[in-house]
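Note that these values count all heavy atoms, side chains included, but never hydrogens, waters or copies made by symmetry.
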Amino acid sequence: MLDHFYSIISMTSNDEKALKKRSIQGCKATLVAAKCAPPEALRAGYPDLKRLGTYFGIYLGVGTVIFYALKNDIRGHKTIDFIDSLYLCVVTMTTVGYGDLVPHSYNAQLVCIFFITVGMCLFGIAVKIAAKYLVVKQQMVMVNALRMSRKIGPVEALKEIESVKIDYNKLKISLIAMAGHYVIGILVLLTIEGMDFTDAIYCAFTTMTTTGFGDETFQELFGRMFAVFWISTGTSCVGQLFLYIAEIYTDIETKKLAKQVISNNIIAKTDLEAADDIKDGKVYGAADMILYKLKEKGKIKQDDISVAMKDLNDVIKDVDVDDVTPPKSAQEK
């Protein structure tokens, strides 16, 4: 939606027809696939992602070194100490928790508790960044919708917003990527780990969903080397899928909100017609409607309205006096 609004706001032509023509062409832009440069508020989130990636890299590296130092305090099926330490870090960090490698000494268990706590904090930061992205995007869409309303008028702005379509491409691509990722995992489990087809499907699914029962795991050296990369990317795919689902829902609700906000700035024709009715000897016309709307928006106070209405009543009285005065005859003239 941001690209759609920016393409309209950036129009500087004084020709109204050309303005409307180009604004209609801007409808081809989607709600979420912004082709133009994102606003500063959204761009500011990118350094947070880089910093978060650095934190996760340090976290994984330090954890691997510590678990490698405590290799004698780790029990379970082992291959190579360094690979096992890295594998244990990834399985723990992504909350898969197979249980094929576990700490069995008091010191190793304390280290594992600290490692899990830090990992939860990092994932909390990741959720915070995602939430900030969605909130800021919604705010920018609303701001630019109001700018577009002032640029081309609220009625045209409503038509533009109504014509914008929700983009599901990212969600579709994410689902395809997850399906491909899932198939690759099954193939490795079939060929490297030598599992049955049913067990491979079961193990791949429980891993990607971070359930990790532990009855079927990666046991071979190459299998664990592959698991380090496959589990990490699989968890990222799942998180990205959830983000895209939340983004689509946010786009739908933001579109509704933008239409509602802009609609409130339009005085309906029926309201004006109703305001022209004469009731109890008083006139409720466009002037009354404008005063009411200004008060509703907090632009004027009730005292200002009272003064304006007093002047209006004086004018009405003068008109009534003129109306009841009999016309002069030709002789009187």
Side-chain angles (χ1 to χ4, degrees), residues 30 32-33 49 52-53 56-57 59-60 63-64 67 76-80 82-102 115-116 119-120 122-127 129-131 133-134 166-251:
T30 60
V32 292
L49 292 175
L52 182 63
F56 269 111
Y59 170 72
L60 189 62
T64 301
F67 283 126
H77 179 78
K78 296 183 178 181
T79 55
I80 296 178
F82 177 77
I83 298 300
D84 290 340
S85 301
L86 181 59
Y87 170 76
L88 178 58
C89 276
V90 171
V91 169
T92 305
M93 179 182 68
T94 57
T95 70
V96 174
Y98 285 129
D100 50 350
L101 290 174
V102 293
F115 182 79
I116 294 172
M120 291 176 63
L122 289 177
F123 273 107
I125 295 174
V127 172
I129 293 174
Y133 165 77
L134 294 176
I166 304 296
D167 184 11
Y168 294 94
N169 289 330
K170 288 184 178 180
L171 180 61
K172 293 176 182 177
I173 293 173
S174 181
L175 288 172
I176 294 172
M178 283 190 62
H181 191 273
Y182 183 62
V183 171
I184 292 173
I186 292 175
L187 292 177
V188 172
L189 290 171
L190 288 172
T191 56
I192 304 300
E193 296 294 335
M195 292 185 183
D196 295 334
F197 184 71
T198 304
D199 292 337
I201 294 176
Y202 168 75
C203 181
F205 186 80
T206 56
T207 300
M208 287 194 65
T209 56
T210 71
T211 304
F213 288 118
D215 49 347
E216 298 291 345
T217 62
F218 293 88
Q219 300 290 319
E220 301 297 329
L221 174 61
F222 180 81
R224 287 189 172 177
M225 293 174 61
F226 168 79
V228 168
F229 172 79
W230 187 72
I231 294 174
S232 301
T233 53
T235 306
S236 300
C237 286
V238 173
Q240 199 169 37
L241 175 64
F242 290 154
L243 176 61
Y244 289 154
I245 293 174
E247 188 173 19
I248 289 174
Y249 176 77
T250 302
D251 284 337

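When every heavy atom of R224 is checked against every heavy atom of D100, the shortest pair comes out as NH2-OD2, 3.4 Å. Shown here for Q219 and T79, the closest heavy-atom pair between the two residues is O-CG2, 3.4 Å.
Taking CE from M195 and CD1 from I201, the interatomic distance works out to 12.0 Å, rounded to the nearest 0.5 Å.
Within 6.0 Å of atom CE in M225, 12 or fewer heavy atoms from other residues, nucleotides or ligands are found, so the atom counts as exposed in its surroundings.
Partners of F56 by ring pair (Phe, Tyr, Trp, His ring centres under 6.0 Å), not counting sequence neighbours, listed by chain and number: F123. When the side-chain hydrogen bond (donor to acceptor under 3.5 Å, both in side chains) test is applied to Y244, the partners found at least two apart in sequence or on another chain are Q240. Take Y202 and apply the ring pair (Phe, Tyr, Trp, His ring centres under 6.0 Å) test, not counting sequence neighbours, and it matches no residue. Contacts of M120 classified as side-chain contact (heavy atoms from CB on, under 4.5 Å), with partners at least two apart in sequence or in another chain: I116. For the ring pair (Phe, Tyr, Trp, His ring centres under 6.0 Å) test, no residue two or more places apart in sequence or in another chain qualifies with Y182. Among residues two or more places apart in sequence or in another chain, the side-chain hydrogen bond (donor to acceptor under 3.5 Å, both in side chains) test is passed with T209 by T211. Residues satisfying the side-chain contact (heavy atoms from CB on, under 4.5 Å) criterion with A126, sequence neighbours excluded, are L52. Remark: T210 engages no residue in a side-chain hydrogen bond (donor to acceptor under 3.5 Å, both in side chains) (not counting sequence neighbours). Scanning for ring pair (Phe, Tyr, Trp, His ring centres under 6.0 Å) contacts around Y87 gives an empty result, with sequence neighbours left out.
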Counting only pairs under 3.5 Å, give me each side-chain donor-acceptor contact of residues 90-99, with atom names and distances, residues two or more places apart or in other chains.
residue : atom : partner : partner atom : Å
T92     : OG1  : L88     : O            : 2.7
T94     : OG1  : V90     : O            : 2.7
Y98     : OH   : T207    : OG1          : 2.4

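When atom types are taken as modelled, the side chain of W230 and the backbone of G223 share no donor-acceptor pair closer than 3.5 angstrom. A donor-acceptor contact shorter than 3.5 Å is absent between the side chain of S174 and the backbone of K170.
Side-chain atoms of F218 and I192, non-hydrogen and from C-beta on, never get closer than 4.5 Å to each other.
For residues 203-220, no residue pair satisfies the salt bridge (Lys or Arg N to Asp or Glu O under 4.0 Å) rule, not counting sequence neighbours. Each salt bridge (Lys or Arg N to Asp or Glu O under 4.0 Å) pair with one or both residues in residues 183-200, not counting sequence neighbours, would appear here, but there are none.
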